[in-house]
Amino acid sequence: MGLAGAILVLAGVVLLATGVLPMEAAFAIGERTWPVLLFVVAATIVAELAAVAGVFHAIAERLGLIGLGRAWVLWLLVVALAAVATIMLSLDTTAVLLTPVVVLLARHLRLDPLPFALTTVWLANTGSLLLPVSNLTNLLAEHELGLGPAQFAMLMAPAAVVGIVVPAAAVALTHRRSLAARFERQTVESEPDRVLTIGASVVVALLVPALVSGIEVWIPASIAALLLLVLVAVRRRTALRWSLVPWQIVALAVGLFLVVETLHARGLADVLAPIVGTSDGLGDLLRLAGSGALLANGVDNLPAYLALEPLATGPLRMAALLVGVNAGALVTPWASLAILLWHDRLVAMGVRLSWGRYMLLSVVVAPVTVVLAVVALWVANGA
């Protein structure tokens, strides 16, 4: 991903230097996206430092304590935790930071880790529909529509419910035997540094309502990141490193913004328009969402969104596009960066799940989720 980002940035610079991408178009996309990218950087730092401080580990341990000794109860609690983490802190938090915690918890309790791992990766994508902060594509869409967090949530709520229920039902069905297991409840271990854990928990708890308050989200996220940086510098300085900043994601996003903006300047929307329809009818909404899902699985969800955004005219069509590029980006390893990072974490922990098996499961879950979510949007908006 680092090399891909560098190549895309270089391509963008060449396009600017040669005049293929008009300078005014580059300035326009830059003005629109800098707050989004700043939020991504700040939110990533917050999530990483919260993990360093043991916030997610402490929560997961307590879930094990209140799981009543039954795997399915613990799994339902993990579903809730994954959904909240995705909605409030973004899909990467769930896929990358929460996955190791719940997998290690399952192993500690001698449970099959696969249903817990599948839950986090699927809900990281399909569960990222409700709020602007849940996904980079949502932040771009919110800006384009001019909606506040509450209005955005009202628009996306029907699809968001489907995006959580359908994948969770799929995990419950495919892993029903392992989820029928029992385990012995363990005592909760005390945190190595209670001051650090509690302090970070307070910062995250205060950040969550600030992100839906209507303030530009990069402002509270940046403040929270600075507070956690100070806290960790005082309590665990060795955890501070330059890799906390998601350089690769930022470079990839900047490069994609420039390249796709160039394609739009050269008539990309005219080429795609006959494929995705123009109306708010169910058929056209499904065509738009399906095109977003196919393009996301073909290249990646961010360029898929950017390519189709000009054709998402109106709130309902934008909602359908987000369903396609978020909930539909499940099947291929490169459909979203979160999937690749999630699989890397599993491999590092010795959890075996082949790409073939993963894709076989996801190729069923993704289209069902997309279709039902779009139908829910259509019905809720006066079909």
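In this text the structure is predicted, and so the values were computed from the model without any measurement.
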Close side-chain approach of Leu211 and Phe39, heavy atoms under 4.5 Å: yes
What are the two closest non-hydrogen atoms of Gly163 and Thr126, and how far apart are they? O-OG1, 2.6 Å
Given side chain to side chain contact (heavy atoms under 4.5 Å, CB included), test Leu105 with Phe116 step by step and report yes or no. CA-CA 10 Å; Leu105 174 65; Phe116 297 90; over 6 Å; no
With sequence neighbours excluded, give me every side-chain hydrogen bond (donor to acceptor under 3.5 Å, both in side chains) pair touching residues 77-88. Thr86-Thr94
Which pair of heavy atoms, one from Ala239 and one from Leu244, lies closest together, and at what distance? O-CD1, 4.1 Å
Side-chain heavy-atom pair Leu129, Ser134 within 4.5 angstrom cut-off: no
Assess whether side chain to side chain contact (heavy atoms under 4.5 Å, CB included) is satisfied between Phe56 and Thr93, documenting all intermediate values. CA-CA 10 Å; Phe56 301 125; Thr93 300; 3.6 Å; yes
Give a yes or no on this: more than 12 heavy atoms of other residues, nucleotides or ligands lie within 6.0 Å of atom CZ of Arg352. no
Looking only at atom types and distance, does a side-chain atom of Asn326 sit under 3.5 Å from a main-chain N or O of Ser128, one as donor and one as acceptor? yes
Would you say the side chain of Arg287 lies within less than 4.5 Å of the side chain of Ile275, judging by non-hydrogen atoms? no
Answer yes or no: is there a side-chain heavy-atom contact under 4.5 Å between Ser291 and Leu308? yes
Quick one about Asp284 and Ser279 (side-chain donor to acceptor, distance below 3.5 Å, no hydrogens or angles considered), yes or no? yes
Leu131 vs Asn138, side chain to side chain contact (heavy atoms under 4.5 Å, CB included): CA-CA, chis, key distance, verdict: CA-CA 7 Å; Leu131 291 178; Asn138 295 4; over 6 Å; no
Given side chains that start at C-beta, do those of Phe257 and Leu140 come closer than 4.5 Å, heavy atoms only? yes
For Trp247, does the CH2 atom have more than 12 heavy-atom neighbours from other residues, nucleotides or ligands under 6.0 Å away? no
Before giving the answer on side chain to side chain contact (heavy atoms under 4.5 Å, CB included), spell out for Tyr305 and Met318 the whole-Å C-alpha distance, their side-chain angles and the decisive distance to 0.1 Å. CA-CA 10 Å; Tyr305 170 81; Met318 183 65 81; 3.7 Å; yes
Residue pair Ala50 / Val204: nearest heavy atoms and the distance that separates them: CB-CG2, 4.0 Å
Under the criterion side chain to side chain contact (heavy atoms under 4.5 Å, CB included), which of Val96, Val121, Leu97 is the partner of Leu341? Val96
So does Ala296 get a backbone contact from the side chain of Asn301, meaning a donor-acceptor N/O pair under 3.5 Å? no
Least distance between heavy atoms, Val40 atom then Pro246 atom: O-CG, 4.3 Å
Backbone N/O of Val52 and side chain of Arg236: donor-acceptor pair under 3.5 Å: yes
Provide the closest heavy-atom pair for Pro158 versus Ala380 in the form atom of the first, atom of the second, distance. CG-CB, 3.5 Å
Is there a path of hydrophobic side-chain contacts, each under 4.5 Å between heavy atoms of I/L/V/M/F/W/Y residues, joining Leu38 to Ile45? yes
Between Ser213 (side chain) and Ala210 (backbone), is there a donor-acceptor pair under 3.5 Å? yes
Value rounded to 0.5 Å, distance of CG in Leu118 from OG1 in Thr120: 8.0 Å
Sub-4.5 Å side-chain heavy-atom contact between Val103 and Thr99: yes
CG (Leu285) and CG (Leu321) are apart, to the nearest 0.5 Å, by 11.0 Å
Gap between atom CD of Gln151 and atom CE of Met156 - 0.5 Å precision: 14.5 Å
So do the side chains of Val102 and Leu98 get within less than 4.5 Å of each other, counting heavy atoms only? yes
Answer yes or no: is there a donor N or O on one side and an acceptor on the other, between the side chain of Arg176 and the main chain of Leu173, under 3.5 Å? yes
Is there side-chain contact between Leu258 and Leu15, with heavy atoms separated by less than 4.5 Å? no
Side-chain heavy atoms nearer than 4.5 Å, only ILVMFWY residues, links allowed to pass through others: does that put Trp34 and Val245 together? yes
Side chains of Asn135 and Thr137 only: does a donor on one sit below 3.5 Å from an acceptor on the other? yes
Is Leu372 linked to Val374 within one hydrophobic cluster, defined over Ile, Leu, Val, Met, Phe, Trp and Tyr using a side-chain heavy-atom separation of less than 4.5 Å? no
Looking at Leu353, is its backbone amide N or carbonyl O close enough to the side chain of His343 to form a donor-acceptor pair, meaning the two atoms are under 3.5 Å apart? yes
Can you tell me how far the CZ atom of Phe152 sits from the NE2 atom of His143, to the nearest 0.5 Å? 13.5 Å
With rounding to the nearest 0.5 angstrom, report the CG to CZ distance, Leu145 to Arg317. 12.5 Å
For atom CE of Met154, is the number of surrounding heavy atoms from other residues, nucleotides or ligands below 6.0 Å larger than 12? no
Strictly distance-based, threshold 3.5 Å: is any side-chain N or O of Thr197 a donor or acceptor partner for the main-chain N or O of Ala53? yes
Any idea how Trp122 and Tyr358 line up, ring-wise: parallel (<30°), tilted (30 to 60°), or perpendicular (>60°)? tilted
Spell out, yes or no, whether Leu361 and Val162 are grouped together once hydrophobic residues are joined by side-chain heavy atoms under 4.5 Å, including indirect joins. no
Write down the atom of Asn297, the atom of Gly328, and the distance for their closest heavy-atom approach. ND2-O, 2.8 Å
Do Ser354 side-chain atoms and Arg357 backbone N/O form a donor-acceptor pair below 3.5 Å? yes
Would the distance check show the side chain of Asp92 and the main-chain N or O of Thr44 forming a donor-acceptor pair, the cut-off being under 3.5 Å? no
Does Arg235 have any salt bridge (Lys or Arg N to Asp or Glu O under 4.0 Å) partners at least two apart in sequence or in another chain, and if so, which? Asp193
